Student: 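Dropping the structure in here first, questions after.
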Amino acid sequence: MHRLAGDGSEKGIGTFCLNWAWAQCGHLRIDTHGDNAAMQSLVKKLGFVYCGIIYVEQDNDPRLAYEKIASDSSE
């Protein structure tokens, strides 16, 4: 997930977008800044698992990484 934003005029946009993306592939990764409490709350609510801290070349700021993977019922 690269970027997700809304203007605040509608509730549930983030949930809708992430649920739609999840339905397309069943494997999502998201990172966010430590001060983005709204996104952290959303991904936890939707079942994402915290994976640790990552860094990207563009700004070298630490980001919190999350992932959600569909379970394979054949295992």
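Remember, it's a predicted structure, so these values are computed and weren't measured experimentally.
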Student: For I53 and P62, which heavy atoms make the closest approach, and how far apart are they?
Tutor: CG2-CB, 3.7 Å
Student: Could you pull out all residues at least two apart from D35 that satisfy salt bridge (Lys or Arg N to Asp or Glu O under 4.0 Å)?
Tutor: none
Student: Go through the structure and list residues passing side chain to side chain donor-acceptor pair (under 3.5 Å) with N19, not counting sequence neighbours.
Tutor: none
Student: Sort and list the pairs that fulfil salt bridge (Lys or Arg N to Asp or Glu O under 4.0 Å) and have at least one residue in residues 53-62, not counting sequence neighbours.
Tutor: D59-R63
Student: Nearest 0.5 Å, what's the CD-CZ distance between Q40 and F48?
Tutor: 13.5 Å
Student: Could you give me the CA-CA distance, side-chain angles and deciding distance for L64 and Y50, then say whether side-chain contact (heavy atoms from CB on, under 4.5 Å) is met?
Tutor: CA-CA 7 Å; L64 307 176; Y50 175 73; 3.9 Å; yes
Student: Can you sort out the partners of F16 under side chain to side chain contact (heavy atoms under 4.5 Å, CB included), two or more places apart, ordered by chain and number?
Tutor: none
Student: Taking all atoms of both residues into account, what is the closest heavy-atom pair of K68 and G47, and its distance?
Tutor: CG-O, 4.1 Å
Student: Do L42 and I69 belong to the same hydrophobic cluster, where Ile, Leu, Val, Met, Phe, Trp and Tyr are linked whenever their side-chain heavy atoms lie under 4.5 Å apart, directly or via other members?
Tutor: no
Student: Test side-chain contact (heavy atoms from CB on, under 4.5 Å) on E67 and L28 and set out the steps.
Tutor: CA-CA 6 Å; E67 184 172 38; L28 295 177; over 6 Å; no
Student: Can you check whether I30 reaches L18 side chain to side chain, under 4.5 Å on heavy atoms?
Tutor: yes
Student: L46 and V49: same hydrophobic cluster, using ILVMFWY side-chain contacts below 4.5 Å?
Tutor: no
Student: Name all pairs fulfilling the side chain to side chain donor-acceptor pair (under 3.5 Å) condition that reach into residues 6-16, sequence neighbours left out, sorted by first residue then second.
Tutor: D7-S9, T15-K45
Student: Got a sec, which residues hit side chain to side chain donor-acceptor pair (under 3.5 Å) with H33, two or more places apart in sequence or on another chain?
Tutor: none
Student: How far apart are the closest heavy atoms of W22 and A70, and which atoms are they?
Tutor: CH2-N, 3.1 Å
